[in-house]
Each structure stands twice: as structure tokens, then as C-alpha cells.
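What follows is a short report on a single structure.
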Amino acid sequence: MATKTPKLPTIEQLDKQLAPVLRDMEARGITLDVPYLKTLATEFQANIDVLQADIYREAGHEFSIKSPSQLAVVLYDELKLGAGEEMWIKKTKSHRSTAASELAKFVDTHPIVPLIIKYREETKLLSTYIVPLPELVAEDGRLHTTYSIDTAAGRLSSKNPNLQNIPVRSDEGKKIRRAFVAQPGFELLSIDYSQIELRIAAHFSGDPGLIQAFTEGRDIHAATGEQMGVDRRVAKAINFGLLFGQGAFGLAGALNIPIEDAQAFIDQYFVTFPKLAEWMKSVQQKAHDNGYAETLLGRKRYLAELKGFNANLRNFAERVAINHPIQGTEAEIVGLAMIAIHKAIPLDQAAMLLQVHDELLFEIPEGTATTIAPKLQQIMDSVIELSVPIKTEAEHGPNWEEMEGL
DNA sequence: ACTAGAAGCGCC
DNA sequence: AAACGGCGCTTCTAGT
């Protein structure tokens with residue numbers, strides 16, 4: 001049988017071959033623009049001081065804003081948020097929740113709420129990234145994380161510092177990402193797998209609708225929305241939820257719609273993609289029979305709770321049974337690519353710096369992106385063959401924030 | 001003084 | 001009424 005896919009390693013072989021790759025990445029590190037972060041710290045601290053004063057004024061007194069229990073008293077008892085309306089406030093173990101998802105319900109109700117949200121965002125970024133990161137820079141002026149492969153699905157984790165959760169979504173957060181720079185004479189190159197988890201689900205299930213959408217190179221959310229006859233936004237939420245076995249409740253929360261409507265969307269989704277529904281069922285059945293779920297290369301996750309009598313634990317295990325092969329296979333594909341790149345590409349052409357699950361960040365000599373990116377992408381695209389095409393997207397730039405596509 | 005758990009939130 | 005896959009870090013709080 002002729003195949004262009006190289007012989008696949010066992011899980012043990014994969015982990016073993018990946019280890020030296022990770023050690024090289026850790027040793028290389030990444031340059032951090034420390035002076036820039038210092039000015040950012042001053043800027044953020046000034047904003048936070050103003051926000052704090054505004055919050056005290058709105059509350060009528062000082063209190064510890066960072067204390068969820070004190071904040072709950074101020075919001076729900078003193079300012080009576082949610083009192084008149086039939087607003088359900090989620091409870092935690094010891095008090096009413098002040099999580100962002102709860103505060104969102106009152107964002108237009110009282111001026112203190114948007115101030116709290118902004119205060120949370122700015123203090124989070126300041127104390128988690130802006131202040132500590134410069135302190136972790138080594139003598140070589142670079143930041144060196146430590147990777148482990150000890151997670152349940154075989155993904156990497158990163159710590160001291162964690163460089164897999166550097167902000168990217170908000171405008172404020174992007175200011176931090178900008179501090180990750182290439183050393184002089186170099187630029188950064190980022191290549192990420194496009195929709196890899198959904199492609200894996202399409203591959204495992206063999207669902208013709210999903211496979212067709214990927215084969216035609218379509219925008220997957222638009223394509224699934226079309227096939228279902230719903231908005232792209234709805235399709236995107238369902239596609240996302242599928243990856244961790246989300247039910248009607250979760251989808252209702254994500255789309256802010258009634259549960260019955262969410263259930264109708266899910267029913268419709270599985271009518272449109274029947275083999276996906278079949279696959280999910282069979283994965284759960286197999287996990288129940290065998291006691292574990294497994295990835296493409298056979299990494300197992302044991303799920304004894306599937307046979308238990310606690311419905312909450314059983315439901316949780318059923319979701320994990322679906323998520324594990326998807327998330328774990330993603331980690332395997334990226335791991336295979338990292339090993340192949342490490343073997344094939346000399347360090348002076350492209351040095352792998354970071355892995356963020358479906359993204360690899362490289363440091364390359366300035367001006368070489370258009371020649372090296374296709375080589376790297378060719379490796380990443382062909383490291384394994386699925387029943388759908390694998391696609392990667394490349395961007396380059398002087399720092400991790402200001403990047404343009406190739 | 002130290003630790004462990006909650007709560008919250010950054011990322012995929 | 002209803003807790004959703006995988007991580008790590010900071011802060012507060014209650015415990016020793």
C-alpha cells in the first residue's frame with residue numbers, strides 16, 4: 001500500500017523524540033522587550049488607580065475590590081443589583097458569583113459594573129504578565145519556559161513562565177504580546193494549523209458533509225451553517241461546542257438563547273451530520289466497554305466514571321470521551337511536526353521558540369520568511385494523512401503582535 | 001509563617 | 001434548574 005504518510009511512532013516513541021526538541025526550545029528562549037513593559041506597567045498602574053477611585057466613589061466607600069466576597073456584598077446587597085429583575089445570580093460555594101459572565105448581565109444597570117470589569121482586566125494583565133515577566137528574563141535577555149507532556153490528553157503544558165496563555169484577544173492584551181520580539185537581524189514567524197480539531201473530528205467520523213466542506217476549502221463555520229440552514233455565528237458556536245461534547249445548556253449560554261432553541265439547533269446539527277453523531281456515540285460506547293478513550297496513536301485516558309452511578313461524573317466522563325481523541329490527536333499531529341521540523345530544518349534557518357497547541361513560533365533571519373515558511377508548512381501539512389486536507393497559515397513580523405500574513 | 005482551596009481569568 | 005474539553009498564575013481566605 002503506497003502512502004505518503006511516514007510510519008507513525010507509538011506514543012512512547014513520540015514523547016521520547018519530542019523531549020530533546022522541547023529542551024532546545026527552552027534553551028533558546030525568546031527575547032522580551034523589558035523597557036517597553038516597564039512603560040506599560042506605569043501606564044496600567046495609572047489607569048488602575050483612576051478606576052479604583054471611581055469604584056470607591058460609586059460604592060460610597062472603600063473595600064477590597066479583588067475580594068469576590070466583599071464585592072458580592074457591595075454589588076448585590078448594597079447596590080441591589082439584580083433585585084428587581086428576575087435575574088438569576090449564579091452561586092459559588094461561599095457567596096454569589098461575581099464572575100465576568102455574571103457581571104455582564106448588569107453592565108448597563110449600574111456604572112460600577114463596567115468599572116469593575118475594566119479594573120479586573122487591567123489588574124489581571126498587570127499582575128500576571130506585565131510585572132512578573134521581566135523578572136523572569138535570564139542573563140541572556142531572554143525568557144525560558146519549561147515544557148511538560150504530563151497532561152491528560154498528551155498536550156504540552158508550559159510554566160515558569162507559562163507562555164501558552166499570553167494575551168491575544170483584547171486590545172489591552174495585545175499590548176503585552178507586542179513585548180515578545182525577535183532578536184536584532186531576525187523576525188518572528190508564526191504558523192498555525194487551521195481548524196485542526198474540527199478536521200480531526202471530520203476524519204474520525206467520516207462525515208461526508210464535514211469532509212466535503214474541508215475538501216472544498218470552505219470557511220467551515222459558513223459551510224456548516226449553510227448545510228444546516230442557520231447563521232454562521234450559530235454554526236460556529238455548535239462546531240466549537242462539539243469539540244468538548246457540549247450540550248444544550250452550554251450552547252444556550254454561549255448564544256444567549258433559550259435552552260429549547262439550543263436543543264433544536266443541536267438536533268438539526270446531528271441530522272445534517274449524521275455520521276458525526278454516530279461517531280460520538282460509538283466513542284462513548286467504546287470508552288464504556290473498554291474503560292478508556294484513546295487518540296489516533298493510542299494514548300489512553302481511563303474513564304471509570306462512565307460505569308459509575310453519579311450522573312454528574314458520568315456526564316463529565318462522556319464529554320471527556322469525545323474530547324480526548326480530538327484534543328489528544330491534535331497534540332500528536334503538532335508533536336510529529338515539531339520532531340520532523342527539528343530534524344529537517346537547520347537552527348540557523350528557523351529556530352522553533354514556542355508551541356501554543358496548534359501554533360508554532362519561529363525566529364528566522366530577517367527577510368527569509370517567504371522562502372522558509374513554505375518549507376515549514378510543507379512539513380506540517382504532510383506529517384500525517386487524514387481523510388481531509390490539513391491546512392496551515394503563516395504570519396511574520398517584528399513581534400508576536402504585529403504580524404502580517406504570507 | 002506557611003499551605004491549600006476557591007474564585008477568577010489568561011490561552012488553545 | 002441546569003458546571004462545558006485541556007492547562008497555569010494571582011489573589012484572597014481559612015486552615016494549621
Side-chain angles (χ1 to χ4, degrees), chain A residues 63-72 88 90-103 116-117 119-133 136 145-170 172-174 176-177 192-193 195-198 200-201 237-238 240-254 258-260 262-263 266 280 283 293 295 301 303 311-313 315-331 334 354-360 400:
Chain A
F63 65 103
S64 180
I65 306 168
K66 287 175 182 161
S67 160
S69 59
Q70 288 187 43
L71 182 59
W88 178 258
K90 192 165 56 174
K91 287 212 175 96
T92 66
K93 291 208 164 157
S94 50
H95 53 82
R96 290 152 295 180
S97 169
T98 67
S101 56
E102 299 305 300
L103 298 187
I116 300 280
I117 293 169
Y119 177 89
R120 283 247 179 91
E121 182 188 6
E122 303 241 339
T123 54
K124 172 85 176 179
L125 297 177
L126 183 67
S127 66
T128 306
Y129 305 99
I130 299 174
V131 169
L133 285 180
L136 293 167
T145 186
T146 301
Y147 289 109
S148 306
I149 325 183
D150 56 7
T151 57
R155 269 188 173 186
L156 298 184
S157 67
S158 158
K159 61 175 185 170
N160 291 318
N162 181 359
L163 297 185
Q164 290 182 319
N165 73 342
I166 301 303
V168 69
R169 289 168 194 170
S170 73
E172 293 298 283
K174 283 177 181 167
I176 293 165
R177 185 159 282 239
D192 67 270
Y193 281 99
Q195 303 294 349
I196 187 68
E197 291 182 314
L198 277 176
I200 291 166
I238 304 182
F240 185 65
L242 147 75
L243 303 175
F244 41 77
Q246 177 182 260
F249 175 75
L251 184 64
I259 303 220
E260 310 83 66
Q263 187 56 56
I266 290 172
M280 291 171 68
V283 163
T295 62
R301 175 149 180 187
L303 296 165
N312 283 335
L313 291 181
N315 292 339
F316 179 76
E318 284 172 356
R319 290 190 291 272
V320 171
I322 291 168
N323 179 260
H324 177 79
I326 296 175
Q327 187 180 118
T329 301
E330 169 199 42
V334 179
L354 303 177
Q355 187 254 42
V356 191
H357 309 302
D358 66 350
E359 173 188 9
L360 296 176
W400 206 4

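These values consider heavy atoms only, across backbone and side chains, with no hydrogens, waters or symmetry-generated copies. Just so we're clear, the structure is a prediction, and the values are computed from it rather than from any experiment. Within every chain, numbering begins at 1; the chains are lettered A, B, ... in the order of the sequence lines, protein sequences first and strands thereafter.
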Revision key, fill the gap. By side chain to side chain contact (heavy atoms under 4.5 Å, CB included), Asn312(A) pairs with (sequence neighbours left out) Asn310(A)
Review point. Base, sugar-phosphate, or nothing: which does Asn160(A) touch, judged by heavy atoms less than 4.0 Å apart?
Key: sugar-phosphate
Study note, to complete from the structure: Sequence neighbours excluded, the answer for salt bridge (charged side-chain N to carboxylate O under 4.0 Å, His left out) partners of Glu121(A) is Lys118(A)
Exercise for review: Apply side chain to side chain contact (heavy atoms under 4.5 Å, CB included) to Ser97(A) and list each qualifying residue two or more places apart in sequence or on a separate chain.
Suggested key: Lys90(A), Thr92(A), Ala99(A), Glu102(A)
**Study point:** Qualifying residues under side chain to side chain contact (heavy atoms under 4.5 Å, CB included), relative to Lys174(A), sequence neighbours excluded
**Key:** Asp171(A), Glu401(A)
Practice item. Name the first nucleotide and the last nucleotide along DNA chain B (5' to 3') that come under 4.0 Å of a heavy atom in chain A. Key: dA6(B) to dC12(B)
Point to revise | Integer angstrom distance from the C1' of dA3(C) to that of dG8(B) | key: 15 Å
With a cut-off of 3.5 Å and sequence neighbours excluded, list every side-chain donor-acceptor pair involving residues 318-325 of chain A.
residue: Asn323(A); atom: OD1; partner: Gln327(A); partner atom: NE2; Å: 3.2
residue: Asn323(A); atom: ND2; partner: Leu243(A); partner atom: O; Å: 2.7
residue: His324(A); atom: NE2; partner: Arg299(A); partner atom: O; Å: 2.9

Practice item. Rounded to 10°, tell me the angle between the two end axes of the helix from dA1(B)-dT16(C) to dC12(B)-dG5(C), each built from five pairs. Key: 0°
Revision key, fill the gap. Residues passing the ring pair (Phe, Tyr, Trp, His ring centres under 6.0 Å) test with Phe249(A), sequence neighbours excluded, are none
**Study point:** Contacts of Pro132(A) that satisfy side chain to side chain contact (heavy atoms under 4.5 Å, CB included) - sequence neighbours left out
**Key:** none
Practice item. Identify whether any heavy atom of Ala252(A) sits under 4.0 Å from a base atom; if not, whether one sits that close to sugar-phosphate; answer base, sugar-phosphate or nothing. Key: nothing
**Study point:** DNA chain C contacts made by residues 148-155 of chain A, counting heavy atoms under 4.0 Å
**Key:** Thr151(A), Ala152(A), Arg155(A)
**Study point:** Partners meeting salt bridge (charged side-chain N to carboxylate O under 4.0 Å, His left out) with Glu172(A) (sequence neighbours left out)
**Key:** Lys175(A)
Study note, to complete from the structure: Outermost contacting nts on DNA chain C, any atom under 4.0 Å from chain A heavy atoms, listed 5' then 3', are dA2(C) to dT13(C)
**Study point:** Touch class at under 4.0 angstrom, heavy-atom based, for Ile259(A) against every strand present
**Key:** base
